[in-house]
Number of protein chains: 2
Amino acid sequence: MGMLKKEDAMQFQKIHGQLLRKHHLFSALSDSDLAKLMRGTRVLSVGKGEFLFQQNEEARHFYFVVSGCMKLFRTLPDGTEKIIELVPSNQTFAEALMFSAQTMYPVSAQAVEPAELFSFSNIDYMTLLKSSPDLSLVLLGDLSRRLRMRLNEIEVLSLKNSTHRVVRYLMTQIVGSDSEYPQFDLPVAKRLIAGQLAIQPETFSRIVHRLKEEGVIDMKGKEVTVLDRKALANYE
Amino acid sequence: MGMLKKEDAMQFQKIHGQLLRKHHLFSALSDSDLAKLMRGTRVLSVGKGEFLFQQNEEARHFYFVVSGCMKLFRTLPDGTEKIIELVPSNQTFAEALMFSAQTMYPVSAQAVEPAELFSFSNIDYMTLLKSSPDLSLVLLGDLSRRLRMRLNEIEVLSLKNSTHRVVRYLMTQIVGSDSEYPQFDLPVAKRLIAGQLAIQPETFSRIVHRLKEEGVIDMKGKEVTVLDRKALANYE
DNA sequence: TCCCCCTCTTGATAATCATCAATTGGGTTT
DNA sequence: AAACCCAATTGATGATTATCAAGAGGGGGA
């Protein structure tokens with residue numbers, strides 16, 4: 001954990017360059033720019049339950065998840081936490097702060113599974129950005145996408161009852177699959193999913209129970225099978 | 001309503017150039033660029049209750065509200081509508097779409113008060129953008145800000161009970177005022193505010209009633225006075 | 001001015017969901 | 001294998017809020 005020595009950095013880049021290349025934040029960078037950026041990169045390991053940063057801490061870096069899963073959440077006035085986002089591997093987070101005067105993280109970041117991260121300096125990246133107009137356009141597209149994702153989440157949270165929220169969640173998990181009986185694994189613990197949907201774990205459990213009873217889905221552990229796609233869609 | 005003739009366009013720009021200049025989408029443009037952009041501008045009048053566009057329509061333009069107020073909302077599966085944003089005068093909307101491949105409006109737009117709008121061509125603006133890296137940075141900052149606003153809204157929607165949501169709403173209306181007894185007008189009808197908070201108008205009314213009873217606020221029509229700032233803050 | 005329409009309010013009731021409590025189950029450590 | 005921990009489940013209860021219904025207030029148009 002810490003700044004890389006020069007030789008390590010070269011090794012590091014050879015190994016992970018391709019990984020980063022797949023991400024839109026880095027795909028538009030030239031090789032030399034990417035190398036330059038990586039010189040300031042740190043590799044971090046965050047144990048399960050450990051914090052990376054806390055809400056209202058100064059935001060100097062953004063992060064790329066190599067492996068594991070990070071939880072971004074806000075602490076509500078009553079002490080409970082609201083999960084804003086669960087960030088799986090190969091995704092970045094906290095990079096949107098870089099572009100505005102805001103210097104505080106608006107969320108806390110905690111690992112829900114042991115995680116490996118790359119950290120990038122906001123200042124370094126911004127320097128690159130100023131010399132690469134195309135990159136700006138890519139980022140604008142990215143932020144715009146995120147904005148629409150949030151829109152979706154706001155919609156989910158506004159859905160009348162919890163059943164609708166769960167159903168909507170399941171539906172989002174199977175878009176793209178055109179199988180008659182779509183199947184997938186819950187990406188995280190059920191209580192975390194419940195948290196994202198702003199319902200209690202107990203409620204989530206009961207709703208799943210009912211959906212199973214009605215033969216709409218099956219769920220064993222984290223393994224979910226949709227048995228009746230139409231029925232699920234009609235729940236909405 | 002429609003494309004402007006050349007003389008009108010010049011007149012138009014003289015009158016409204018300053019107005020637009022105050023908005024970050026246009027503040028970084030050179031005079032000539034702004035003039036170029038305005039050549040494709042249309043002036044629209046939308047009557048109360050009239051639609052500007054519907055969800056899933058193709059998005060070719062974004063808009064600036066000169067006067068009046070627009071409501072952006074999504075229609076939920078059960079037919080009810082979820083208000084995403086209320087756009088007052090001197091603000092733009094639907095501009096974030098321009099930056100990503102997405103070509104459909106993710107919301108419907110309707111006037112809640114008779115509104116005058118400018119419409120701008122996405123393509124024209126993007127052309128300017130590609131030749132003005134600084135503008136991109138300004139926009140990134142703007143989107144980043146919006147992203148945080150949505151974060152706030154998600155948090156509000158996650159608040160346990162409706163009272164907290166209303167209180168939070170009132171608090172956001174008085175930040176910036178350091179008066180002992182802050183005072184403001186509700187920007188739109190109460191039922192719309194209730195909609196934004198994802199509660200029923202009846203519930204909103206009852207909560208306000210209780211807050212008045214407890215001497216925390218006073219409300220006559222749209223006129224709100226906070227009588228006990230501390231008590232309001234402590235409600236959270 | 002009066003009338004009408006729509007918002008807002010207030011009341012009563014039913015549905016939904018959170019909370020508390022106890023138990024089960026699965027996975028990991030010792 | 002046993003002990004343990006935490007997640008998940010299930011049940012019972014109470015609080016919150018949506019819904020339905022009816023009445024009051026307010027502003028704009030005839």
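Scope of the values below: all heavy atoms of this structure, side chains included, with no hydrogens, waters or symmetry mates. Every chain is numbered from 1, with letters handed out A, B, ... down the list of sequences.
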Per [X] side chain, nearest of listed nucleotides [options]:
X       : options                   : answer
A189(A) : dA7(D), dT7(C), dT9(C)    : dA7(D)
K190(B) : dT9(D), dC8(C), dA21(D)   : dC8(C)
E202(B) : dA21(D), dT16(C), dG11(D) : dA21(D)
S205(B) : dA18(C), dA7(D), dT10(C)  : dT10(C)
T203(A) : dA18(D), dA18(C), dT10(D) : dA18(C)
N161(B) : dT16(D), dT10(C), dT9(D)  : dT16(D)

How close or far is atom [atom2] of [N] from atom [atom1] of [X], stated in whole angstroms?
X       : N       : atom1 : atom2 : answer
R165(B) : dT16(D) : CZ    : C1'   : 11 Å
L157(B) : dT17(D) : CG    : P     : 14 Å
I207(B) : dG11(C) : CD1   : C1'   : 16 Å
L211(B) : dT9(C)  : CG    : P     : 12 Å
L159(B) : dT17(D) : CG    : C1'   : 15 Å
I193(A) : dA7(D)  : CD1   : P     : 14 Å
Q200(A) : dA15(D) : CD    : P     : 17 Å
R191(A) : dG25(C) : CZ    : P     : 21 Å

Note to self: Measuring to OP1 and OP2 of dT10(D), would you say a side-chain N or O of H209(A) lies under 4.0 angstrom away?
What the structure shows: yes
Hey, are [Y] and [X] close enough side-chain-wise for a donor-acceptor pair under 3.5 Å?
X       : Y       : result
E214(B) : Y235(B) : yes
T92(A)  : H23(A)  : yes
R148(A) : S100(B) : yes
S179(A) : R229(A) : no

Next item on the list: With DNA chain D as reference, determine whether T163(B) or V188(A) sits nearer its 5' end, using the nearest nucleotide of each.
Entry: V188(A)
Margin query: For a quick check, tell me whether the side chain of R206(B) and the base of dT19(D) share a donor-acceptor pair closer than 3.5 Å.
Written below: yes
Next item on the list: Determine, for R74(B) against E155(A), whether the closest basic-nitrogen to carboxylate-oxygen distance falls under 4.0 angstrom.
Entry: yes
